There are 2 protein chains.
Amino acid sequence: MLAEFDLIQEFFTTAAGQGVALGVGDDATLLTPTAGQQLVVSVDTSVVDVHFPADAPAHAVGHRALAVALSDLAAMGAQSRWCLMALALDQRTWADAVTGRAWMHAYSEGFLALCSRHDTGLVGGDITAGQLAISVTVMGEVASGQALTRHGARPGDIIAVTGALGGGAGGLALWQQGERDLAHPLIKRYLLPTPRLAAGQALSGVASAALDISDGLLADLGHLRRASGVGAELDADALPLVEGLQDALGQSGARQAALSGGDDYELLVSIPPDHWREACSTLARLGIPLTAIGQCVDTPGVSGVMSECQDGWQHFVGETP
Amino acid sequence: MLAEFDLIQEFFTTAAGQGVALGVGDDATLLTPTAGQQLVVSVDTSVVDVHFPADAPAHAVGHRALAVALSDLAAMGAQSRWCLMALALDQRTWADAVTGRAWMHAYSEGFLALCSRHDTGLVGGDITAGQLAISVTVMGEVASGQALTRHGARPGDIIAVTGALGGGAGGLALWQQGERDLAHPLIKRYLLPTPRLAAGQALSGVASAALDISDGLLADLGHLRRASGVGAELDADALPLVEGLQDALGQSGARQAALSGGDDYELLVSIPPDHWREACSTLARLGIPLTAIGQCVDTPGVSGVMSECQDGWQHFVGETP
């Protein structure tokens, strides 16, 4: 078995952060929540060969496992505070001590660097033997009643996305073709996504609804529509594509990746028209693109326009996906 | 892939519990912590063939995964409030829809019944494909400054354990010999452990230190000794053994199971002598045995007496384990 305590001590001991009354090392951690704030909690699991490739660099595995969990806090407009990491380690990784330690060093660097960037304390964890997998529980705070949910969108609200789409699906496709350059814009979006925490907090009180694009734009738009009881008209030509997506996948493939590919971890938001200018200028100050891609309507379902497709707008009509 | 939303809706939707401002179904859950309380948080992972056998009944898998996590809250003297469950499911379990649904039904029953018994709301989760494994994050509350930690023991304090020892190791041994009766006292301790939440809360303000016995009595006593900076004298003849342990493992095997076997999930506590009567009567009212097994001393390390062993007390001297 693994020497769990040694691993934690060597690789994961960090300074006790803000609000940590008792850190790692006892049966549980003691946290002091901020008065007047609600707690925002979510868990996400990343499994090798399901959520990331087995040959992904260790630091990207650590970064990505935390990033996808933090993305849920971003979608609530929360400030990230603390996280817990349950890590299952394939014993084969540890058969060779040198390789094992090098992997863990890079993994923890990727994980802790992102913690640090978002003022998030790693306050608990568990390391066990098993198929390589990481479950990250994230805990954030938001002023009571100010969280962004999925159910506040109203007909007439503008539908918008942060950043650019298609990176998750495009990066995966490139990786499968053998591309290994982490600096490639698509690979970077796929393996080193940026959780949109700053955007989420800036849009709290501005957007009427929000969620992150983890299941693909159309699927996540479906979640928003159903939760809010609205329909959507989408201008597929307006979708902001990640740099290099058309080169990699062609025009049709790029559109498909942006519409249905998952793992983009951008925010999908609805914004009342009289808040639109404020939303744009707020995000511009943060250096984060915000692009209008449609609007909420009374008619249930989703309809859309898409200039280049043979079957035109029918592509979009209906309740699915 | 799994139809995650359908699974959650069908098997894991529960009434939003106390303090839940927004339950499962959005990007994250919104909780309202109780004013004046600290948050107690821990995560525990259970992996098939590492922490439980592949042929364990599904309801026991669900019960056990939550119980071992709740045990950490018990050891802090906390009241359990909320939990999140990250479940990785082997696709083979789901190859046959009927078998898969039967498994999930029993699993969720075991998990949710224990939630309900301890007023714990399941407020988040994630279901993915992977080797069968469950990471449970538990969140409890304790009055500020009242948590039981590992570092309060002082020389002269009585060392005691709740319940009875050896069940984890004894039950595992019986299971490996083919015993499958979940009502057998040893199997029950191994697969359906009872988190000692009531005992932990009752001992808050009474015990000077506490932790749960998950690594084995001697190893966990080592954690307590080092955190508190004390030594320990142990009366190994006083160890309370689970019913049937000697029959199953023999006298020496039973002693070994109680001393070094893990997964007992009883509480190991230190209690100042002038609190001892209060501790005993408090736990007696709860119907939970409390047995003195030694005392804290100035001399570092652990020493002990053990009447039947050839090499007598030397068995115990030293800093290990």
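Predicted model only: the values in this text are computed from it and were never measured. Protein chains get the first letters and strands the later ones, always in sequence-line order, with residue 1 at the start of each.
When the side-chain contact (heavy atoms from CB on, under 4.5 Å) test is applied to A:S260, the partners found at least two apart in sequence or on another chain are A:L218, A:Q256.
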- Item | Trace of the side-chain contact (heavy atoms from CB on, under 4.5 Å) decision for A:F111 with A:F11 | CA-CA 10 Å; A:F111 194 99; A:F11 294 107; over 6 Å; no

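Contact tally against chain A (heavy-atom pairs below 4.5 Å) for B:V47, B:V48, B:V24, B:L84: the top residue is B:L84. Per-residue heavy-atom pair counts under 4.5 Å with chain B were compared for A:S144, A:G140, A:G124, A:S135, and the maximum is reached by A:S135. Per-residue heavy-atom pair counts under 4.5 Å with chain B were compared for A:V138, A:D26, A:T149, and the maximum is reached by A:D26. In terms of heavy-atom pairs under 4.5 Å with chain A, the best-connected choice from B:A88, B:A78, B:G145, B:G125 is B:G125. The candidate with the highest count of non-hydrogen atom pairs below 4.5 Å against chain B, out of A:L22, A:V142, A:L211, is A:L211.
For A:A227, no part sits under 4.5 Å from any heavy atom of chain B, backbone or side chain. Neither the backbone nor the side chain of A:A74 comes within less than 4.5 Å of any heavy atom of chain B.
Residues B:I134 and B:F52 have side chains in contact (heavy-atom distance under 4.5 Å, counting atoms from C-beta outward). Taking the side chain as every heavy atom from C-beta outward, B:E141 and B:Q38 never approach each other to under 4.5 Å. Between A:M76 and A:D212, every side-chain heavy-atom pair lies at or beyond the 4.5 Å cut-off. Annotation: side chain of B:C115 is not in contact with side chain of B:F12 (no heavy-atom distance under 4.5 Å). Taking 4.5 Å as the limit, some side-chain heavy atom of B:M139 sits within range of a side-chain heavy atom of A:M139. A:L197 places none of its side-chain heavy atoms less than 4.5 Å from the side chain of A:Q79. Between B:S80 and B:D119 there is no side-chain heavy-atom pair separated by less than 4.5 Å.
For the pair B:S71 (side chain) and B:A67 (backbone), a donor-acceptor distance under 3.5 Å is absent. Between the B:T137 side chain and the B:C83 main chain, no donor and acceptor come within less than 3.5 Å of each other. A donor-acceptor distance shorter than 3.5 angstrom exists from the side chain of A:D220 to the backbone of A:D215, with no hydrogens or angles considered. Listed for the B:R64 side chain is a donor-acceptor partner under 3.5 Å among the backbone atoms of B:H51. Looking only at distances, no side-chain donor or acceptor of A:S204 sits under 3.5 Å from a matching main-chain atom of A:A202.
Contact residues of residues 27-36 of chain B toward chain A are B:D27, B:A28, B:T29, B:L30, B:L31, B:T32, B:P33 (heavy-atom distance under 4.5 Å). Using a 4.5 Å heavy-atom cut-off against chain A, the contacting residues of residues 39-46 of chain B are B:L39, B:V40, B:V41, B:S42, B:V43, B:D44, B:T45. Along residues 263-271 of chain A, no residue comes nearer than 4.5 angstrom to chain B, judged on non-hydrogen atoms.
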